[in-house]
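Here is the structure we will look at.
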Amino acid sequence: MKNLLNLALVIFTFLPISAMSQNNANYDESKVPPLVLPDLFVSESGQIIESVEDWEAIRRPEIFQLFQQEVYGEIPKDFDKISFQLAQESTNPYPELANLEEVDITVERYGNSLTMRLNLFIPKEGKAPFPVILLINHRPKYPDGSLSEEEYWPVDELLKRGYATASFHAETVAPDNAETFQNGIISTLYPEQMEKPDGLKALGAWGWGAMRAMDYFVQHPEIDASKSALVGHSRSGKSALWTSANDPRWAITYSNESGCGGAALSKRKYGETVQVINTAFPHWFDENFKKYNGAEETLPLDQHMLLSLIAPRALYVASAKGDQWADPKGEYLSLQIGSRVQTDIYQKDSGFETDFESIIEPIHLENAGYHIREGKHSLKWEDWGIFLEFAAKIFQ
Ligand code: GTR
């Protein structure tokens, strides 16, 4: 008996925090609290918002401000200088299909500088300028071959379909580590952010990296930056959504299985919760967000409002049935409600009329799309393939 107890203790001690909490999480729809969500179309002063003018001048800025203060922290936009230098360090794995540009992007502010690396593949076939897809990568670093083996960044398939594609590693702007995340742009370029309750954290820092990649695309003669897609999976999917709320240059934003603090509604408290995520990853969101640990009902916002900030640009959300931790239903509901800005304000044909339980195939609307597939938490070729059908229609 004693041995058994010891064994239990050992297993318990070695389970990562997230795995322990995944077992304690609520996966029972009957235990989800009744949803009371802030209204997208009523301003803080009680004004009813019905026009593009009022949405853009009043309500959108209010919602943006709420997320910046209470959830993600500020992504600073200022710097003194940006420069691009081509390096030649690794062999191009697709010499027939593409030219590889390994770009060192150096940003200077108040005499300090930081260099991040962007890997960009430009198709050899076809006519420039090419539409571009950027992946925020928190997985193994390119050129680690496992990226393409896992279908996580299917460079060759994207090239064959006429896209230029790029990625940068999260670590080159902010390490994904609670102790060291500030050792990138935060302490180097924006040290004043470090003590603020709404200061820049890792998710925002990765978004800053995506914006610098966009700075490179817009001046590149072979890239058509007006046809750009920002893609992120899971933690990078959370980051992609916040990035696009900050930076209107992205034509499509695709968040794959981004879950809590991404596309999923927090107030459902289904799967991963605010307390669990803030405990396991204290370096992702700002300090203010910790006030809502175990108190989602007091949040003055929910994630449908984050999605609304991306309108009228295109938004794509995807879930997996085996990824209950990310609350697929909460991701869909959030998209369904958030897209009301697309339909009611911007008159886009983007109303999700299907109930979550009745979804049997991808839903691709004028400016918004969703799919849910079988299987586990991962960015697979299956996801890419369905997403690319949506992207092709948007970029037509
Ligand atoms: C999990 C985390 C999720 C998600 C995921 C990932 O451990 O709880 O919020 O971000 O990691 O990024 O793969």
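Positions are given from 1 along the sequence. Every number for a ligand or one of its atoms is a count from 1 in the order of the listing.
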> What do the steps show when you test K227 against Y163 for side chain to side chain contact (heavy atoms under 4.5 Å, CB included), and what is the final call?
Replying inline: CA-CA 10 Å; K227 293 186 175 165; Y163 292 98; over 6 Å; no
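Screening N367, D349, L365 against Q342 for a side-chain contact (heavy atoms from CB on, under 4.5 Å) leaves a single residue, N367. Test F67, Y292, Y72 against F285 for ring pair (Phe, Tyr, Trp, His ring centres under 6.0 Å) and you get one pass: Y72.
Not a single heavy atom of E257 sits under 4.0 Å from any atom of ligand 1.
Considering each of A280, S258, S234, the one bringing a non-hydrogen atom nearest atom 10 (O) of ligand 1 is S234.
Counting heavy atoms under 4.0 Å from ligand 1, residue H233 does not touch it at all. Of all the heavy atoms of I277, the ones lying under 4.0 Å from any atom of ligand 1 belong exclusively to the side chain.
Side-chain contact annotation: T106 with T115, donor-acceptor N/O pair under 3.5 Å present. When only modelled atom types and interatomic distance are considered, E102 and Q88 share no side-chain donor-acceptor pair under 3.5 Å.
Heavy-atom proximity to F281, at under 4.0 Å, picks out these atoms of ligand 1: 2 (C), 7 (O), 8 (O). Close approach to H377 involves these atoms of ligand 1, each under 4.0 Å from a residue heavy atom: 5 (C), 6 (C), 13 (O).
Note: no N/O pair closer than 3.5 Å links W284 and ligand 1 by distance alone.
Atoms CG and CZ, on L307 and R340 in that order, are 13.0 Å from each other to the nearest 0.5 Å.
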